[in-house]
Amino acid sequence: MIKIYHNPRCRKSREGLTILENSGKEFQIIKYLEEVPSEATLKEIISLLGISPIQLVRKTEQIWKENYKGKELSDIEIIKAMIENPKLIERPIVIHKNKAVIGRPPENIISII
């Protein structure tokens, strides 16, 4: 089943959700600010995306700028920062059949559904 890691307050995330709704396919919405992904889940998402943990971080967030910017962090430390502060996780993330994309731009989602 298709999964979308979604933040209803984010315009790009809402646009991604609309693409899924219009696809007519079944999908699961995970509001990751409420259901924070575990370390194992984040590692799996990062692996499916084929990126490093730092590439999943929203570096423009105030939390990042104040607490992490300019520091030498290991991949595990970056993942833990995202778990402790889920607002740092880039969004939306859509997973389908062992593939994942970040929906920025939202049209990226079309490539895997």
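Worth knowing before you read on, the calculation uses all heavy atoms, side chains too, and leaves out hydrogens, waters and symmetry mates.
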Task: Gap separating the CD1 atom of Ile93 from the CD1 atom of Ile30, nearest 0.5 angstrom - done: 9.5 Å
Task: Arg91, Lys87, His6 screened by side-chain contact (heavy atoms from CB on, under 4.5 Å) with Tyr32, the one that passes - done: Arg91
Open item on the list: I'd like to know if the side chain of Lys71 and the backbone of Asn67 have a donor-acceptor N/O pair within less than 3.5 Å.
Closed with: yes
Task: Residue Lys99 excluded, over 12 heavy atoms near NZ under 6.0 Å - done: no
Task: Heavy-atom neighbours of Asn98 CG exceed 12 at 6.0 Å - done: no
Open item on the list: Could you check whether any side-chain heavy atom of Val101 comes within less than 4.5 Å of a side-chain heavy atom of Ser111, counting everything from C-beta outward?
Closed with: yes
Task: Any Lys3 side-chain heavy atom under 4.5 Å of His96 side chain - done: no
Please report the closest heavy-atom contact between [X] and [Y], naming both atoms and the distance.
| X | Y | result |
| --- | --- | --- |
| Met1 | Phe27 | SD-C, 3.8 Å |
| Arg104 | Cys10 | NH2-SG, 3.5 Å |
| Ile19 | Pro106 | CD1-O, 3.2 Å |
| Met82 | Val57 | SD-CG2, 3.9 Å |

Open item on the list: For Thr18 and Glu15: C-alpha separation, side-chain torsions, deciding distance, then whether side-chain hydrogen bond (donor to acceptor under 3.5 Å, both in side chains) applies.
Closed with: CA-CA 5 Å; Thr18 298; Glu15 289 174 13; over 6 Å; no
Open item on the list: Are Leu48 and Ile110 connected into the same hydrophobic cluster when the rule is that any two of I, L, V, M, F, W, Y join if their side-chain heavy atoms are below 4.5 Å apart?
Closed with: no
TODO: Answer yes when Glu77 and Lys80 have at least one side-chain N-carboxylate O distance shorter than 4.0 Å, and no when they do not.
DONE: no
Open item on the list: Less than 4.0 angstrom from a charged side-chain N to a carboxylate O is my criterion; do Glu35 and Lys31 meet it?
Closed with: no
